[in-house]
Amino acid sequence: MSIQVFGMPVSHGVAIGRAVLVASSRVDVAHYFVSADRVEHEIDRLRLARDAVAAELEELKRDLPPEAPPELSALLDVHLMLLHDDTLAVATKTWIRERHYNAEWALSAQLEVMARQFDEMEDEYLRERKADIEQVVERLLRLLAPEPPQSGTRPPAPAGGADFGGEEPLVLVANDVAPADMLQFKRSVFTGFVTDVGGRNSHTAIVARSMDIPAVVGAREASRLIRQDDWLVIDGDAGVVIVNPSPIVLEEYRFRQRQSELERARLDRLRHTPAVTLDGQTIELLANIEMPDDAPSAVDAGAVGVGLFRSEFLFMNRDGQLPDEEEQFEAYRAAVVAMRGLPVTIRTVDIGADKPLERLTPAEARHEHALNPALGLRAIRWSLSEPGMFRQQLRAILRASAFGKVRVLVPMVAHLSEIRLTLEALARARQQLDDAGRAYGRVEVGAMIEVPAAAVMIDRFLEHFDFVSIGTNDLIQYTLAIDRADESVSHLYDPWHPAVLHLIAHTIARANALGRGVSVCGEMAGDAAFTDLLLAMGLRSFSMHPARIASIKQRVLRADTRRLAAGLQAVLGAEDAQTASTRLYTGGAVH
Ligand code: PEP
Ligand code: MG
C-alpha cells in the first residue's frame with residue numbers, strides 16, 4: 001500500500017530509490033558496494049573482526065576482579081552469545097552476499113533490523129537486550145580494519161523486488177543526520193534522504209542543499225513508518241515522501257526528474273556568462289564551501305570566488321583530535337590553490353549549537369552541553385575562549401594567504417570587545433609568524449552580521465572591518481527567536497518578516513554608504529525568491545552553494561536594479577511577512 005509522509009522540503013529535486021534505514025549514530029559508517037569478486041574478502045573481514053571481538057570479550061571476562069558482581073560475567077556471556085548468534089552472523093553475511101554491501105554497512109543494516117524486532121517485543125527484559133546487541137555491533141564496527149571504498153559498483157537487483165526500471169538508486173532514512181555526517185554523502189551511494197527531525201535551515205539541510213541532494217527533514221514518523229527496501233519518492237520541492245508509489249505516481253515523478261535534468265542542462269550553459277543586470281550592474285556570485293575539495297565544483301559552477309568557507313567542518317568528527325596548524329594550513333592552501341587566484345573567504349570556526357565538536361547528534365549535544373546552545377558558547381565566543389587554538393587557526397589562514405587572495409571572516413560578533421580581542425589575536429598571530437620567519441600576505445578582515453545587535457550597530461562595527469557578510473540563517477533565528485533546527489517552530493522562521501528585512505536593508509545600505517564590501521552568505525542568497533529583493537536593497541555580492549549559482553545568475557540577468565529599488569520602500573513598509581512578500585512588484589513603481 002502506498003502512503004505519504006510529510007515533512008519540510010529542504011533541498012530541491014526528486015529522488016527515487018529503495019529505502020535504507022540507518023540508525024542516526026551509524027550514518028557515518030562507510031556505505032559502498034563491493035564487487036562480486038570481493039564478496040568473500042568482505043566476509044573474511046567480518047570473520048576477523050568477530051574473532052577479535054570474541055577474544056576481547058574473553059579477555060575481559062578472564063580479567064574480571066574476584067569482587068566484580070556476578071552480573072558482569074553473565075553480561076559478557078550474553079554478548080558472546082549474541083556475537084555468535086545466527087541472527088547476527090548469518091544475516092549479516094547475507095547482506096554482503098546478496099546485496100554486495102561492505103561489511104560495515106551490512107552490520108549496521110542487520111542491527112537496524114534486529115533493533116526493530118527488539119522494539120516490538122512485549123517482554124521488557126527482552127526489549128532491553130537491544131542495548132546489548134548495539135554494544136556488540138559497536139565493538140565489531142570498531143575492530144573492522146578500515147578499507148578504501150570501492151567505487152562504480154552497481155548493486156544487484158533485489159530478490160523479489162519490483163522492477164522500477166533497472167537502476168537501483170538508494171535513499172537514506174534516519175531519525176537524524178548530524179551536519180558532519182552529511183559529508184559522508186559525498187562518498188556514499190545515497191541519492192536522497194529523509195529524516196524525522198530537523199529544520200529547513202539547520203546545518204544538515206544546508207549541507208544537503210550544497211550537495212544538491214533531494215531531501216525532506218522533519219518528517220517526524222518517517223523512520224518508523226518506512227521499512228527497509230520500501231520504494232520511496234522524495235519530493236524535495238513539496239516536502240513529501242511517497243512510500244511504495246503506484247506506477248502512475250511513479251511515472252509522474254520520473255517525468256519530473258527528466259524535466260529537472262533538462263532544466264539543469266539549460267542552466268549549465270550560463271556557467272561562464274558574466275552576471276550583469278539589464279541596467280549594467282555587475283553582480284558578484286560567490287560560493288559557500290565546507291571542505292577544500294568543494295573548491296573545484298565552485299570554479300566549475302562559475303563562482304568568482306569563495307564567499308564563505310565553513311572551516312568548522314575540518315574540526316568536526318575528529319574524536320577529540322583537532323586539526324593542528326599544519327593540517328589547517330594545508331586545507332586552506334588547497335582551497336586557495338584550487339580557486340586559481342580567485343578570492344577565498346575563510347570563516348574562523350563556527351563551532352557549537354547544531355555543529356558540535358564531538359560525535360554527538362545535535363539532539364544529544366543539546367542535552368549534554370547547554371540549555372540553549374544557539375545562545376551559548378558558539379562561533380567567535382568559542383574561539384575567544386580557546387585563545388591558543390584561535391591563534392593557531394589565524395596563523396594557518398594567514399600562511400595560506402601567501403598563495404592567493406584570502407579574507408578572514410569572523411562569525412557571530414555581537415560585542416565591540418569581541419572585535420577588539422579578535423583584532424588583537426590577529427596581530428599576535430602575525431607577530432608570531434614574523435618571529436618564525438613565515439610568509440603571509442595581506443588579508444582583509446570581515447565580520448558576519450548574523451546577530452541583530454551587530455546589524456543595529458553596523459556603523460560602529462564597520463570602523464573595524466574591511467567588509468561584512470550577512471548570515472541571514474542566524475540573523476532570522478536570533479531576530480525572531482526561532483531555533484533554526486527545531487521543526488516544531490519552523491513555520492515561524494520567516495525571512496520575509498519585516499524586522500528581518502529592515503536589519504538586512506540597513507546593513508547593506510550602511511556598508512554601501514561607508515564604502516565597505518557587503519555580501520549575503522546565508523540561504524537567502526541562493527534562493528531565487530529573494531534575488532530581486534536583495535538587488536533592490538543594493539546588494540551586489542551573493543554567496544551560495546555552487547549548485548545554486550546558475551539559477552541565481554538567471555535571475556540577475558533578467559533584473560533591472562533601478563526599477564527594483566523603486567519598489568523597496570513598499571516592501572519595508574509592510575506590516576507583516578505575507579504582505580511584504582507581495583509588494584516588490586505591486587507596491588512600488590515597478591510595472
Ligand atoms: C548564516 O548564519 O546565515 C550563515 C551563513 O552561517 P551558518 O549557516 O554556517 O551558521
Ligand atoms: Mg551563521
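Both ligands and their constituent atoms are indexed starting at 1 by order of listing. It should be emphasised that the depicted structure is a prediction, and the values quoted were computed from it without experimental measurement.
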Do the charged groups of [X] and [Y] touch, with an N to O distance under 4.0 Å?
{"X": "Arg200", "Y": "Glu523", "answer": "no"}
{"X": "Glu424", "Y": "Arg420", "answer": "yes"}
{"X": "Glu325", "Y": "Arg391", "answer": "no"}
{"X": "Arg264", "Y": "Asp212", "answer": "yes"}

> NE2 of His506: more than 12 outside heavy atoms within 6.0 angstrom?
Replying inline: yes

> Taking everything shown except Glu575 itself, do over 12 heavy atoms lie less than 6.0 Å from its CD?
Replying inline: yes

Between [X] and ligand 1, which part of the residue brings a heavy atom under 4.0 Å of the ligand: side chain, backbone, both or neither?
{"X": "Asp350", "value": "side chain"}
{"X": "Glu523", "value": "neither"}
{"X": "Asn288", "value": "neither"}
{"X": "Ile470", "value": "neither"}
{"X": "Glu290", "value": "neither"}

As an exercise, identify every atom of ligand 1 less than 4.0 angstrom from a heavy atom of [X].
{"X": "Met448", "result": "4 (C), 5 (C), 6 (O)"}
{"X": "Ile206", "result": "8 (O)"}
{"X": "Cys521", "result": "5 (C)"}
{"X": "Asp474", "result": "1 (C), 2 (O), 3 (O), 10 (O)"}
{"X": "Leu308", "result": "5 (C)"}
{"X": "Gly471", "result": "1 (C), 2 (O), 3 (O)"}

What is the closest protein heavy atom to [atom], and at what distance does it sit?
{"atom": "atom 7 (P) of ligand 1", "value": "His203 NE2, 3.2 Å"}
{"atom": "atom 8 (O) of ligand 1", "value": "Arg484 NH2, 2.8 Å"}
{"atom": "atom 6 (O) of ligand 1", "value": "Arg347 NH1, 2.9 Å"}

>> Please determine whether Glu450 has a backbone or side-chain N, O or S atom lying under 2.8 Å from the Mg ion (ligand 2).
In response: yes

> ligand 1 and Asn473, any nitrogen or oxygen pair closer than 3.5 angstrom?
Replying inline: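 Yes, there is a polar N/O contact under 3.5 Å.
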
>> If only side-chain N and O atoms count, and only distance matters, is there a donor-acceptor pair under 3.5 Å linking Ser383 with Gln393?
In response: no

> Could you state the interatomic distance from CG (Asp268) to CD (Glu263), rounded to the nearest 0.5 Å?
Replying inline: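 Asp268 CG to Glu263 CD: 10.5 Å, rounded to 0.5 Å.
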
>> Need the atom name: nearest N/O/S atom of Asp474 to the Mg ion (ligand 2).
In response: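 This turns out to be OD2.
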
> Between His545 and Asn288, is a side chain to side chain donor-acceptor pair (under 3.5 Å) present by the stated rule, with each step listed?
Replying inline: CA-CA 5 Å; His545 325 113; Asn288 291 355; 5.0 Å; no

> Phe329 vs Phe403 aromatic rings, parallel, tilted or perpendicular, using cut-offs 30° and 60°?
Replying inline: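 If you compare the ring of Phe329 with that of Phe403, the planes turn out tilted.
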
> side chain to side chain donor-acceptor pair (under 3.5 Å) between Ser223 and Asn175: does it pass, once the steps are laid out?
Replying inline: CA-CA 6 Å; Ser223 71; Asn175 176 257; 4.7 Å; no

> Has Arg378 got any heavy atom lying under 4.0 angstrom from an atom of ligand 1?
Replying inline: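 Within the 4.0 Å threshold, so yes.
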
